[in-house]
Amino acid sequence: MSAGPGSGEDRAGREERVTATQQGGSSERAMDAGRRRERRGEEPANASEGEARTREAGRDDARLPALVRREAPVLVPLALAVLAATSYFSGPPAWNQNSRLALTRALVEQGTTIIDEYHATTGDKSRRDGHFYSDKAPGASLLAVPAYALYHGAARLVGAERPDVRLVPLDPRDPNRDPEARRPGDRLAYNQAYRTALYVSRVGSVGVFAVLGALALYLLALRRLGDRAGALLLAATYALATPALVYGAAFYGHQLCADLLLLGLAGVLLGHGQKAMAFGTGMCLGLAVLCEYPAAVPVALLWLFAGLRRGPRFAAVVALGGAPAAVALAAYHTVAFGGPLKTGYDFVYLAEFAEGMRVNYGIHAPDPGVLLELLFGAYRGLFYLAPVLLLAAWGLLCELRGWPPAPRCMSDRPWPVRQVALLCLAIVGFYLALNAGYYMWDGGAAIGPRHCVPMLPFLALALAPAIRLVPRAVVGLALLSGAITLLLTAAAPEAPQFGDPLWGYAWPRIWATDTGYGGPANLGRMLGLPGPLSLVPLLLVLAWCHAQARPHLAAKG
């Protein structure tokens with residue numbers, strides 16, 4: 001016998017459906033409340049809200065690996081393009097890079113931080129208790145240890161020559177051949193093994209993180225724009241059309257620091273609260289300080305942002321993730337310089353450097369004239385060498401006003417436009433003020449404002465409004481900036497401390513038929529291609545990478 005419309009069985013069914021609906025509504029309201037509290041950095045108000053946030057975070061975290069897999073058709077060509085660009089060039093040895101390689105070699109070959117055997121290759125060094133040390137933050141050297149150890153082990157296995165340097169005196173009749181007894185006018189000649197060791201160490205550290213940074217920026221831009229083509233344009237512009245490429249193709253700490261800070265930002269915005277992601281975020285931020293001491297300020301800002309965005313528990317795990325790098329840095333300082341807060345800059349060897357850093361490590365109040373030169377000057381100006389970043393500066397002002405709003409297609413959580421813009425502005429402002437107040441603001445032998453390189457990804461992220469509103473202008477300026485950047489990278493980052501680095505340094509060097517000592521070195525030159533033609537193989541690879549990604553760019557993120 002079937003139940004009638006007023007039967008107890010039917011009423012029970014209706015009551016069950018109503019209860020389920022009410023529970024669903026309560027769960028949705030709890031999740032909405034949780035989102036609002038999370039944006040304010042507050043704890044869950046009750047168990048229901050906490051459970052809702054946990055379920056939502058779990059779904060978001062599960063989506064992150066899926067997002068990477070879904071975007072692989074774009075991420076893989078982007079990774080290959082950045083790896084090809086940073087690996088294509090092999091600039092000559094120079095003080096800054098040699099100092100880092102000396103520490104890497106000492107750690108691998110002798111198990112020590114003392115660089116006595118290699119100190120003649122660099123003036124960027126410290127002297128304490130009769131021994132020489134690298135005066136740089138140790139992060140880049142430490143991250144290069146695995147790559148150099150593999151190279152060193154393989155070279156010993158096959159009996160290859162070891163990296164070495166010899167003195168070429170100014171007077172050929174001079175019998176002096178000791179690199180440590182170098183006199184004015186003499187120069188050092190590095191064997192091929194040394195150049196290979198420098199190249200392997202750089203690609204295995206700076207080059208790897210340059211790729212990871214570009215991929216992280218693509219995913220961040222995808223969240224911001226909801227558009228694959230726009231996200232690829234933003235990430236490729238940063239990686240290939242700014243000084244990020246110049247210093248991504250050299251063994252400096254600047255680009256490593258930039259990409260580690262960028263990975264930290266990605267961990268906060270894309271990780272959605274999972275402990276493993278929080279710990280990894282902390283590791284990246286800790287390594288950034290290990291690579292460059294001034295990164296402590298942006299790391300503190302990112303940590304505060306993590307706490308406000310993800311809550312105090314997430315921030316606590318981030319701090320825990322940064323602890324190993326802090327311990328490693330304190331241990332290195334203690335072993336090399338006698339105390340956890342002593343650095344190589346307290347024992348600088350060359351008198352001219354020691355005098356400049358005698359007060360506050362050479363850091364003073366920012367000079368407005370220097371700031372203008374850092375941005376617009378033909379000597380070290382950022383916008384002069386990468387004009388596309390002018391649109392990023394404009395975009396940063398737009399985003400501070402909350403325009404354009406972010407799409408919601410990538411996540412249930414909207415992109416915090418103003419909050420991210422404020423964070424980026426603070427980091428950009430810090431590096432500009434620091435560089436404008438530094439006694440050697442021009443960076444010595446350098447291209448562009450090299451001390452500002454760690455801020456570049458945070459400035460590049462603000463290209464989003466321009467990509468939305470004037471994409472053709474972004475493409476045009478990106479191509480111009482890319483051409484300038486390739487020319488500068490081919491010339492190596494150690495431009496002289498005078499003249500125009502573009503027209504007075506890079507342009508003549510790319511046309512030189514005889515590269516000579518320290519001349520431009522790239523794969524094209526090795527293949528026998530002269531002048532600008534030496535860049536053609538790289539351009540073909542970049543074009544192929546774009547062709548691989550292009551069929552996948554039409555769909556929205």
Side-chain angles (χ1 to χ4, degrees), residues 25-68 216 219-220 222-224 260-289 295-326 399-400 402 405-408 410-427 457-458 461:
S26 298
S27 177
E28 290 176 4
R29 286 193 295 273
M31 289 169 61
D32 290 339
R35 293 190 195 105
R36 290 193 296 271
R37 287 181 176 276
E38 185 176 327
R39 286 194 290 271
R40 296 194 299 266
E42 300 175 5
E43 289 295 313
N46 50 55
S48 176
E49 184 181 313
E51 291 171 3
R53 184 191 295 187
T54 301
R55 288 194 298 271
E56 183 186 19
R59 288 195 298 270
D60 285 337
D61 283 324
R63 277 203 297 266
L64 183 58
L67 172 64
V68 173
L219 294 176
L220 287 168
L222 190 61
R223 272 285 311 273
R224 175 66 184 92
L260 286 164
L261 291 174
L262 181 56
L263 288 169
L265 177 64
V268 175
L269 289 174
L270 302 179
H272 299 294
Q274 206 173 50
K275 288 183 179 179
M277 182 62 70
F279 192 85
T281 298
M283 289 185 64
C284 290
L285 297 181
L287 287 172
V289 180
V297 173
V299 163
L301 293 172
L302 283 162
W303 182 76
L304 290 173
F305 179 72
L308 293 172
R309 183 70 183 162
R310 298 295 172 205
R313 291 182 182 176
F314 184 90
V317 179
V318 169
L320 187 63
E399 297 211 317
L400 288 171
R408 295 182 63 102
M410 288 295 300
S411 172
D412 292 336
R413 292 180 175 86
W415 178 272
V417 178
R418 287 192 179 92
Q419 294 93 323
V420 173
L422 283 170
L423 174 68
C424 292
L425 179 62
I427 293 175
F458 300 92
L461 192 57

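Along the sequence shown, residues carry numbers from 1.
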Undergrad: Identify the heavy atoms of F458 and L262 that sit nearest to each other, and give their distance.
TA: CZ-N, 4.3 Å
Undergrad: To the closest 0.5 Å, what do you measure between CZ (R309) and CG (L304)?
TA: 15.5 Å
Undergrad: Going from NZ on K275 to CZ on F314, what distance comes out if it is rounded to the nearest 0.5 angstrom?
TA: 12.5 Å
Undergrad: Over all heavy atoms of both residues, which pair between P298 and L261 is shortest? Give the atoms and the distance, please.
TA: CG-CD1, 4.1 Å
Undergrad: Work out which heavy atom in F279 is nearest to a heavy atom in V317; give both atom names and the distance.
TA: N-CG1, 3.6 Å
Undergrad: Closest approach of C424 and L461, non-hydrogen atoms and distance?
TA: SG-CD2, 4.4 Å
Undergrad: Just verifying a value: how many Å separate I427 CD1 and L423 CG, rounded to the nearest 0.5 Å?
TA: 4.0 Å
Undergrad: Which heavy atom in R224 sits nearest to a heavy atom in V417, and how many Å separate them?
TA: NH2-CG1, 3.9 Å
Undergrad: Walk me through it: do V68 and L219 pass the test side-chain contact (heavy atoms from CB on, under 4.5 Å)?
TA: CA-CA 8 Å; V68 173; L219 294 176; 4.1 Å; yes
Undergrad: Mind checking the CG-CZ spacing from L425 to R418? Nearest 0.5 Å is all I need.
TA: 14.0 Å
Undergrad: Who are the side-chain contact (heavy atoms from CB on, under 4.5 Å) partners of A266, not counting sequence neighbours?
TA: A216, L220, L270
Undergrad: For A319, check side-chain contact (heavy atoms from CB on, under 4.5 Å) against everything at least two apart and list the hits.
TA: W303
Undergrad: One pair to check against side-chain contact (heavy atoms from CB on, under 4.5 Å): L301 and F305. What are the steps and the verdict?
TA: CA-CA 6 Å; L301 293 172; F305 179 72; over 6 Å; no
Undergrad: For C284, enumerate each residue passing the side-chain contact (heavy atoms from CB on, under 4.5 Å) test, keeping only those at least two apart in sequence or located in another chain.
TA: L260, L263
